[in-house]
Amino acid sequence: MENGTLKVVDSRTNASYELPLFKGTIRAADLRTVKTSADDFGVMSYDPAFMNTASCQSAVTFIDGDKGILRYRGYPIEQLAEKCSFLEVAYLLLHGELPTESELKSWIDAITHHTMLHEYFKKFLEGFRLASHPMGMFVSAVAALSTYYPEAKNVLDPEVRKLEIYRLIGKVPTIAAYTYRHGLGFPYVYPDNDLGYTENFMNMLWKMVEPKYRANPVLARALDILFILHADHEQNCSTNVMRSVGSSLADPFVSVAAAAAALSGPLHGGANEAVLKMLDEIGSKDRVPAYVEHVKAGHGKLMGFGHRVYKHYDPRARIIKWTADQVFKVTGSNPKLDIALELERIALEDEYFVKRKLYPNVDFYSGIIYQALGFQPAMFTVLFAIPRTVGWLAQWQELLQDSEQKIARPRQIYVGHEARDFVPIEKRGAAAAPPAR
Ligand code: CMC
């Protein structure tokens, strides 16, 4: 039986309740019927870090963490990575179906015609110090777009949403490329509408004085695959921020900026940069066993390992390893690969990691590829944010079309002081008892 009920007996009152189950879930609000008296607030669920709470119903991405399965709109990630372009996958995530040939053509055309930034935007970026972290610039720049498109505040208008979605997907590579060139002191390169999404991004990153930039097709395809793999990952930390900020009906530019800020942390998208720092710190293959022991002794974490949902090999990590091989055939191998492979080998055999089901995640190998492509580690999380913008927007659209959703507003268990009287400043300082927890 798919649904059924959950029988609960309240030991305080001996009353029993039947809570409806829906796909193995009870509604937290139904717990409010469990009360000791008519004026009792009712039972709440307590779930710090959302360890066991579904916050929405979503049809975008499916993950089975125990089996290592990832699907976008029902399609296995392996098939999409092999057969699709990133923009095709972006269409799928946002529209629910793969595009026909003509739908894909007009989709690509719409995105391509929204890649330019307002000329004043350059002045805004010039205000950043040369050594500014590109992710800080990216977050600020995406938020600043909100000031250029004030109509974006009409988030309940589907036509406005459509336009802002084109703009965001079109402009994030341009912003990313500008943050990159800013750090190098190079002039910004305008988008080239003759080129595909990834090739154009590479053009804006690396074009110098040549009249036309031509990306290496193997490297362009590798970047496109990386974009596909990073496009969505259901209710992760940054997507939860996108939905939470979006639930206040904030415009999509500031909402994406907030989501990107969440992505920047080292436990989330910032892990790819942290992996490279870790591999640098390890330095050589023979020092891997000592580093693993150091982590096991409680000194930090193995970055790029572990996942809240995957208790199995991350399917994206497998595709990334294959992609790395293709890239290295063009660029030559990255010496850090040997250290990473050794780290993976030792960790996957070690009792500590086996017991905790810690496997390499998407961030473990991606940085090694990015570095081989010529990026500094500080750019890595920006490269994650470009494709994830699509996932954030797909989840945001779904949120705004979901009649059950309201402004996100969790409850708390108050553990502070009971009511107490104000103390004048001259009488303060006597050791106050801490609140009982
Ligand atoms: N290295 C060593 N020990 C680890 C690691 C790790 N990378 N990850 C988890 N553990 C241990 C953790 O100390 C805990 O041990 P114990 O039970 O003895 O206290 C146990 O494994 C369970 O970990 P947790 O911290 O309760 O798991 P979580 O679901 O809260 O955290 C995570 C998930 C991804 C934040 C965590 O695994 C981590 O910090 N990994 C390193 C950072 C990283 O690679 N993040 C990228 C995640 S994938 C892409 C993305 O989301 O952006």
Side-chain angles (χ1 to χ4, degrees), residues 47-53 61 63 65-66 68-70 77 135 138-139 226-243 258-279 281-282 288-321 336 340 343-370 377 379-392 395:
D47 189 11
F50 299 110
M51 295 293 286
N52 195 36
T53 294
T61 290
I63 301 176
D66 292 328
I69 293 174
L70 170 61
I77 190 67
M135 198 56 190
F138 182 85
V139 168
L226 286 166
F227 281 180
I228 292 172
L229 301 181
H230 286 86
D232 193 56
H233 212 234
E234 52 118 305
Q235 307 312 313
N236 53 82
C237 175
S238 57
T239 301
N240 180 56
V241 169
M242 182 78 196
R243 281 180 171 264
L263 186 75
S264 71
L267 297 187
H268 193 7
N272 51 18
E273 182 180 348
V275 169
L276 256 281
K277 283 197 188 125
M278 176 184 75
L279 296 177
E281 197 185 322
I282 297 173
V288 169
Y291 192 84
V292 171
E293 289 309 316
H294 183 70
V295 168
K296 282 164 60 185
H299 305 294
K301 284 183 167 171
L302 212 53
M303 299 313 286
F305 260 73
H307 200 275
R308 171 65 58 78
V309 180
Y310 290 123
K311 302 301 168 198
H312 195 279
Y313 210 96
D314 183 334
R316 300 168 299 174
R318 234 185 271 286
I319 305 170
I320 289 186
K321 262 175 104 170
K336 302 226 173 57
L343 200 52
E344 178 184 331
R345 189 187 67 75
I346 291 181
L348 291 185
E349 286 172 359
D350 191 293
E351 161 80 6
Y352 175 97
F353 295 91
V354 173
K355 204 171 97 198
R356 290 171 179 76
K357 300 188 174 164
L358 300 170
Y359 291 89
N361 58 49
V362 71
D363 292 317
F364 191 64
Y365 287 105
S366 60
I368 298 175
I369 307 186
Y370 294 146
M379 268 304 281
F380 295 176
T381 313
V382 175
L383 298 170
F384 190 154
I386 295 171
R388 185 55 60 86
T389 297
V390 168
W392 293 327
Q395 302 270 349

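Bear in mind that the values here come from a model prediction, so they are computed numbers and not experimental data. Counting starts at 1 for both ligands and their atoms, in listed order.
The protein atom (non-hydrogen) at minimum distance from atom 45 (N) of ligand 1 is Leu267 O, 3.0 Å. Looking only at protein heavy atoms, the nearest one to atom 40 (N) of ligand 1 is Phe305 O, 2.9 Å. Protein heavy atom in closest approach to atom 5 (C) of ligand 1: Leu358 CD1, 3.9 Å. Among protein heavy atoms, atom 39 (O) of ligand 1 sits closest to Lys301 NZ, 3.0 Å. In terms of protein heavy atoms, atom 15 (O) of ligand 1 is closest to Arg356 NE, 3.2 Å. In terms of protein heavy atoms, atom 43 (C) of ligand 1 is closest to Ala271 CB, 3.5 Å. At the top of the distance list for atom 34 (C) of ligand 1, counting protein heavy atoms only, stands Gly306 O, 3.7 Å. Among protein heavy atoms, atom 49 (C) of ligand 1 sits closest to Asp363 OD2, 3.2 Å.
Listed by first then second residue, pairs satisfying side chain to side chain donor-acceptor pair (under 3.5 Å) with a partner in residues 297-312 read His233-Tyr310, not counting sequence neighbours. The side chain to side chain donor-acceptor pair (under 3.5 Å) pairs that include a residue from residues 356-368 are Glu344-Tyr365, where partners are two or more places apart or lie in different chains.
The shortest side-chain heavy-atom distance between Ile228 and Ile77 falls under the 4.5 Å cut-off. A heavy-atom distance below 4.5 Å is found between the side chains of Leu279 and Leu343. Here the side chains of Leu302 and Tyr352 are not in contact, with every heavy-atom distance at 4.5 Å or above.
For CZ of Phe50, the number of neighbouring non-hydrogen atoms (other residues, nucleotides, ligands) closer than 6.0 Å is 12 at most.
Relative to atom 51 (O) of ligand 1, the option among Met303, His268, Arg308, Arg316 with the closest non-hydrogen atom is His268. Across Ala347, Cys237, Gly304, heavy-atom proximity to atom 44 (O) of ligand 1 is greatest for Gly304. Looking at His299, His307, Lys296, it is His307 that brings a heavy atom closest to atom 48 (S) of ligand 1.
The proximity of Leu263 to ligand 1, defined as any non-hydrogen pair under 4.0 Å, does not occur for either the backbone or the side chain. Both the backbone and the side chain of Leu302 come within 4.0 Å of ligand 1, judged by heavy-atom distances. Of all the heavy atoms of Asp314, none lies under 4.0 Å from any atom of ligand 1, so neither backbone nor side chain is involved.
Any N or O atom pair closer than 3.5 Å counts here, and Val362 shares no such pair with ligand 1.
Minimum heavy-atom separation, Leu229 to Arg316: O-CD, 3.3 Å. Looking at every heavy atom in both residues, Gly391 comes nearest to Asp232 through CA-OD1, 3.3 Å.
Heavy-atom contacts of Gly269 reach the following atoms of ligand 1: 52 (O) (cutoff under 4.0 Å). The ligand atoms of ligand 1 that sit less than 4.0 angstrom from a heavy atom of Val295 are 2 (C). The ligand atoms of ligand 1 that sit less than 4.0 angstrom from a heavy atom of Phe384 are 52 (O).
Between the side chain of Asp47 and the backbone N or O of Asn52 there is at least one donor-acceptor pair closer than 3.5 Å. No donor-acceptor distance shorter than 3.5 angstrom exists from the side chain of Ser238 to the backbone of Ala262, with no hydrogens or angles considered.
Atom 31 (O) of ligand 1 is not flagged as protein-proximal [any protein heavy atom, distance under 4.0 Å]. Not a single protein heavy atom sits closer than 4.0 Å to atom 24 (P) of ligand 1.
Between Phe353 and Phe305, the angle of the ring planes goes over 60°, which puts this pair in the perpendicular group of the 30/60° scheme.
In this structure, Lys336 NZ and Ile368 CD1 are separated by 8.5 Å, a value rounded to the nearest 0.5 Å.
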Practice item. Before giving the answer on salt bridge (charged side-chain N to carboxylate O under 4.0 Å, His left out), spell out for Lys277 and Glu281 the whole-Å C-alpha distance, their side-chain angles and the decisive distance to 0.1 Å. Key: CA-CA 6 Å; Lys277 283 197 188 125; Glu281 197 185 322; over 6 Å; no
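Using a 4.0 angstrom heavy-atom cutoff, Tyr352 counts as in contact with ligand 1. Using a 4.0 Å cutoff on heavy atoms, Asn236 does not count as a contact of ligand 1.
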